[in-house]
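Note on naming: letters A, B, ... go to the chains in the order of the sequence lines (proteins, then strands), and numbering restarts at 1 for each one. Keep in mind that what you see is a predicted model, and the values were worked out from it rather than measured.
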Amino acid sequence: MKLYDSLTGEKREFVPHDDTVKMYVCGITPYSASHVGHAMCSVYFDTLRRYLEYSGYEVKHVQNFTDIDDKIIDAAAGQGTSPVMLVEELVEQYLIDMATLNVQPAHLYPRVTDEIPQIVEMIEGLIEKGFAYESEGDVYYRVTSFPTYGKLSHRTLEGMMAGARIEPNAQKDHAMDFTLWKKSKVGEPSWGSPWGEGRPGWHIECSAMAVHYLGPHLDIHGGGQDLVFPHHENEIAQTEAYTGQEPFAQHWVHNGLLQMDQDKMSKSLGNLVTVRDALEKFGPDAIRLFFLNSHYHSPLAYSEESIRGQQRAADRLRAALVEPGSDGTGEGLDPEPYRERFVAAMEDDLNTPQALASVFSLARDINRGREEGKALSAAQECLREITGVLGLRLEPEDSGSGQPANAFVELLAEVRQELRANKQFALADNIRNRLQELGVSLEDTPEGSKWRFTSN
RNA sequence: GGCGACGUAGCCAAGUGGUUAAGGCGAGGGUCUGCAAAACCCUUAUUCGGCGGUUCGAUUCCGCCCGUCGCCUCCA
């Protein structure tokens with residue numbers, strides 16, 4: 001497939017180093033509930049992974065948790081809990097939310113606090129090679145020692161200095177030098193090191209974990225566009241300096257950010273909707289469709305109106321997957337052209353909006369074919385397959401079986417059928433309306449009256 | 001100020017140097033239905049931010065302008 005690479009700025013054929021695709025995606029810093037922007041990133045990379053697997057690749061997906069940092073320490077203190085407890089709770093919440101979104105779990109979720117030896121080793125290596133220096137218990141990366149610093153974000157050191165708000169710091173050789181190891185204050189969580197008690201800087205952890213679990217050559221390194229600088233720029237500087245090999249990643253893949261009104265949605269701006277709230281409100285399929293309807297590379301504005309629209313769209317896909325009452329005996333609907341269009345779109349830098357066009361056109365033709373008595377099992381199987389690549393579940397609406405209300409609804413539906421048979425339509429309609437208000441949707445079909453619980 | 005992305009119908013959103021500018025939602029009309037709902041059919045951008053340029057021909061390439069956003073500090 002063709003995949004865009006932020007470093008070279010071009011779409012290139014994706015060719016993994018060896019049989020297993022190595023994919024590292026920057027994960028979250030769990031200091032507060034995850035928001036829809038995190039979900040968007042996860043869904044895009046999940047879809048990329050699903051597509052690669054669909055194409056026959058084996059993928060090893062690693063995603064870190066930054067489980068120690070200033071914000072975690074502050075947030076824990078604010079809530080009267082410990083950083084460890086806070087992280088545990090938020091990580092669990094995150095994993096549950098991702099599972100609900102039908103995001104396949106990463107193969108490994110390394111955490112900074114479990115990787116201190118690897119991090120220290122990498123920092124030592126960088127000092128030895130002259131890329132880093134210790135200063136009053138802190139360790140800094142020397143940006144001037146890495147000639148191509150700025151290649152990912154397409155900046156120069158001069159450009160970064162111009163107009164930037166950088167505080168002079170006597171401890172550093174160059175204002176852009178960044179922290180690898182940070183001396184801890186009294187009472188903060190800390191680890192021993194050759195430079196005294198402290199903890200790792202943010203950028204080094206990803207380098208260390210990526211190299212530790214995936215080696216010096218990643219096929220895909222992903223994350224939000226806001227990580228390009230400084231985080232990923234620094235990762236390249238650290239990793240390539242340490243391993244002496246390049247490129248660190250074949251493809252730097254960055255997703256556009258979720259906008260909230262005029263700004264990006266972010267924890268620091270406080271303008272966020274949590275993943276959990278959105279999931280409860282709209283369900284996973286509609287949310288995935290909302291993301292996938294836009295190209296991963298573009299920014300997207302959060303819009304509840306739009307997600308509602310996707311709920312309706314998901315319903316139409318579900319309708320296409322309902323088995324025909326009586327087997328179609330006519331000629332079959334050949335799904336191959338739809339599958340080909342789907343694959344061609346996905347091959348082109350994961351063009352999910354275009355892939356969806358094929359999905360919807362297959363769904364429409366299945367629904368039409370049903371009315372025309374066509375044999376549909378192959379087409380339905382294909383629809384199931386390609387929507388699966390997009391991570392859509394499209395499970396039938398909950399028919400409520402096994403729930404306590406079930407028998408009562410069943411009874412009301414039966415009574416209503418009697419009324420209809422006796423042309424007592426006013427009363428029958430009244431029952432239908434009242435049930436609708438209570439969250440039970442009733443439809444009269446040639447095969448009888450069907451009902452289901454509606455989530456909204 | 002520097003770097004980058006973007007501006008397509010009521011809304012969301014693909015795409016292309018040239019015969020019909022995907023798809024979804026919404027809206028209008030129809031088929032079906034006791035009425036609905038669902039599904040299906042039809043309609044819904046002579047036009048792609050503005051102005052120039054290149055070209056036989058540009059929404060698509062180039063330049064300028066206007067507007068929006070991201071990064072340059074933590075951030076998916």
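- Residue A:D69 is out of contact with every strand shown, counting any heavy-atom pair closer than 4.0 Å.
- Nucleotide B:rA21: unpaired (no Watson-Crick or G-U wobble partner with both distances less than 3.5 Å).
- The side chain of A:M160 lies closest to B:rC72, out of B:rC12, B:rC72, B:rA76.
- The side chain of A:D226 lies closest to B:rA76 when the candidates are B:rC3, B:rA76, B:rC40.
- Among the nucleotides B:rG24, B:rC72, B:rC35, the one closest to any side-chain atom of A:R316 is B:rG24.
- Considering only the side chain of A:R364, B:rC41 comes nearest among B:rC41, B:rA76, B:rC74.
- One finds a side-chain N or O of A:R312 lying less than 4.0 angstrom from the OP1 or OP2 phosphate oxygen of B:rA38.
- Applying the 4.0 Å criterion to OP1 and OP2 of B:rA14, one finds that A:S298 has a side-chain N or O inside that range.
- If you take atom C1' in B:rG10 and the same atom in B:rC56, they sit 38 Å apart, rounded to whole Å.
- Counting any heavy atom pair closer than 4.0 Å across all strands shown, A:R416 reaches a base atom.
- Looking at A:D285 and A:R318, a side-chain N of the basic residue comes within less than 4.0 Å of a carboxylate O on the acidic one, giving a salt bridge.
- Surrounding NZ of A:K182 are at most 12 heavy atoms belonging to other residues, nucleotides or ligands under 6.0 Å away.
- Using a 4.0 Å heavy-atom criterion, one finds that A:H295 contacts the sugar-phosphate atoms exclusively.
- Across all strands shown, B:rG67 is found opposite B:rC6 as a Watson-Crick or G-U wobble partner, with both distances under 3.5 Å.
- As a whole-Å value, the separation of A:L390 CG from B:rA14 C1' is 15 Å.
- Residue A:S303 is classed as having no contact, given no heavy-atom separation below 4.0 Å to the nucleic acid.
- Distances shorter than 4.0 Å separate none of the side-chain N or O atoms of A:R368 from OP1 or OP2 on B:rA39.
- Counting atom types as modelled, A:D444 pairs a side-chain N or O with a base atom of B:rC35 as donor and acceptor under 3.5 Å.
- Residue A:L300 places its side chain closer to B:rC12 than to any other of B:rC12, B:rA76, B:rG15.
- Comparing B:rA21 with B:rG28, their P atoms are spaced 26 Å from each other, to the whole Å.
- In this structure, of B:rU73, B:rG34, B:rA39, it is B:rU73 that holds the atom nearest to the side chain of A:P230.
- For A:E372 and B:rA39, the CD to P distance is 17 Å, given to the nearest whole Å.
- Rounded to whole Å, the C1' atom of B:rC3 lies 39 Å from the corresponding atom of B:rU46.
- With P as the reference atom, B:rU54 and B:rC62 are 16 Å apart, rounded to whole Å.
- Checked options A:Y44, A:Y4, A:W252; the residue passing with A:H297 is A:Y4 (criterion: ring-ring contact (aromatic ring centres under 6.0 Å, His included)).
- In summary, A:R368 and A:D365 engage in a salt bridge, as defined by a charged side-chain N under 4.0 Å from a carboxylate O.
- For the pair A:Y338 OH and B:rG23 P, the interatomic distance rounds to 12 Å; values are reported in whole Å.
- In the set B:rC74, B:rG24, B:rA39, the nucleotide with an atom closest to the side chain of A:K71 is B:rC74.
- Listed candidates were B:rA76, B:rA22, B:rA36. Nearest to the side chain of A:R341 is B:rA22.
- Listed pair A:N293 / B:rA14 fails the phosphate criterion, with no side-chain N or O lying under 4.0 Å from OP1 or OP2.
- Picking from B:rG2, B:rC40, B:rC35 the nucleotide with the shortest atom distance to the side chain of A:R432 gives B:rC35.
- In this structure, A:N351 reaches the sugar-phosphate backbone alone: every heavy-atom distance under 4.0 Å involves primed, P, OP1 or OP2 atoms, never a base.
- Nucleotides B:rG2 and B:rC64 are separated by 13 Å at their P atoms, to the nearest Å.
- With respect to the salt-bridge test (charged N to carboxylate O, under 4.0 angstrom), the residues A:R50 and A:D46 qualify.
- Pair assignment for B:rU31: B:rA39, on the basis of Watson-Crick or G-U wobble contacts that are both within less than 3.5 Å.
- Residue A:E371 is in base contact, counting any heavy-atom pair closer than 4.0 Å across all strands shown.
- Once the 5.5 Å centre distance and the 30° plane angle are applied, the aromatic ring of A:F360 is found not to be stacked with the base of B:rG23.
- Residue-level contact check: A:R420 touches the bases, meaning some heavy atom is under 4.0 Å from a base atom.
- When heavy atoms are screened at a 4.0 angstrom cut-off, A:G9 is found touching no nucleic acid atom at all.
- Each of A:A355 and A:C41 lies near RNA chain B, and the nucleotide nearest A:A355 is the one positioned closer to the 5' end.
- With respect to the salt-bridge test (charged N to carboxylate O, under 4.0 angstrom), the residues A:K60 and A:D219 do not qualify.
- Computed from coordinates, the A:E158 CD to B:rC3 C1' distance equals 13 Å when rounded to whole Å.
- Here B:rA45 sits opposite no nucleotide as a Watson-Crick or G-U wobble pair (both hydrogen-bonding atom distances under 3.5 Å).
- Candidate nucleotides B:rG24, B:rG23, B:rA76 were compared by shortest atom distance to the side chain of A:T29, and B:rA76 ranks first.
- Among the atoms of the strands shown, none is found under 4.0 Å from any heavy atom of A:L289.
- More than 12 heavy atoms of other residues, nucleotides or ligands shown are found within 6.0 angstrom of CD on A:Q424.
- Using a 4.0 Å heavy-atom distance criterion, A:F229 is classed as a sugar-phosphate-only contact.
- Side-chain contact check for A:H231 and A:H203: at least one donor-acceptor pair (N or O, by modelled atom type) lies under 3.5 Å.
- The pairing partner recorded for B:rC61 is B:rG53, the criterion being a Watson-Crick or G-U wobble arrangement whose two distances lie under 3.5 angstrom.
- B:rG1 and B:rC72 make up a base pair, with Watson-Crick or G-U wobble contacts both under 3.5 Å.
- The C1' atoms of B:rC69 and B:rA37 are separated by 42 Å, rounded to the nearest whole Å.
- Salt-bridge annotation for A:D429 and A:R432: present, with a side-chain N of the basic residue lying under 4.0 Å from a carboxylate O of the acidic one.
- Shown here, B:rU16 forms no base pair; nothing in the strands shown gives a Watson-Crick or G-U wobble contact with both key distances under 3.5 Å.
- Using atom C1' as the reference point in both B:rC40 and B:rA5, the two lie 41 Å apart (nearest Å).
- B:rU19 and B:rA58 are spaced 12 Å apart, taking the P atom of each and rounding to whole Å.
- Under a cutoff of 6.0 Å and an axis angle of 45°, A:R420 and A:F425 do not form a cation-pi pair.
- Distance, A:R308 CZ to B:rA27 P: 14 Å, rounded to whole Å.
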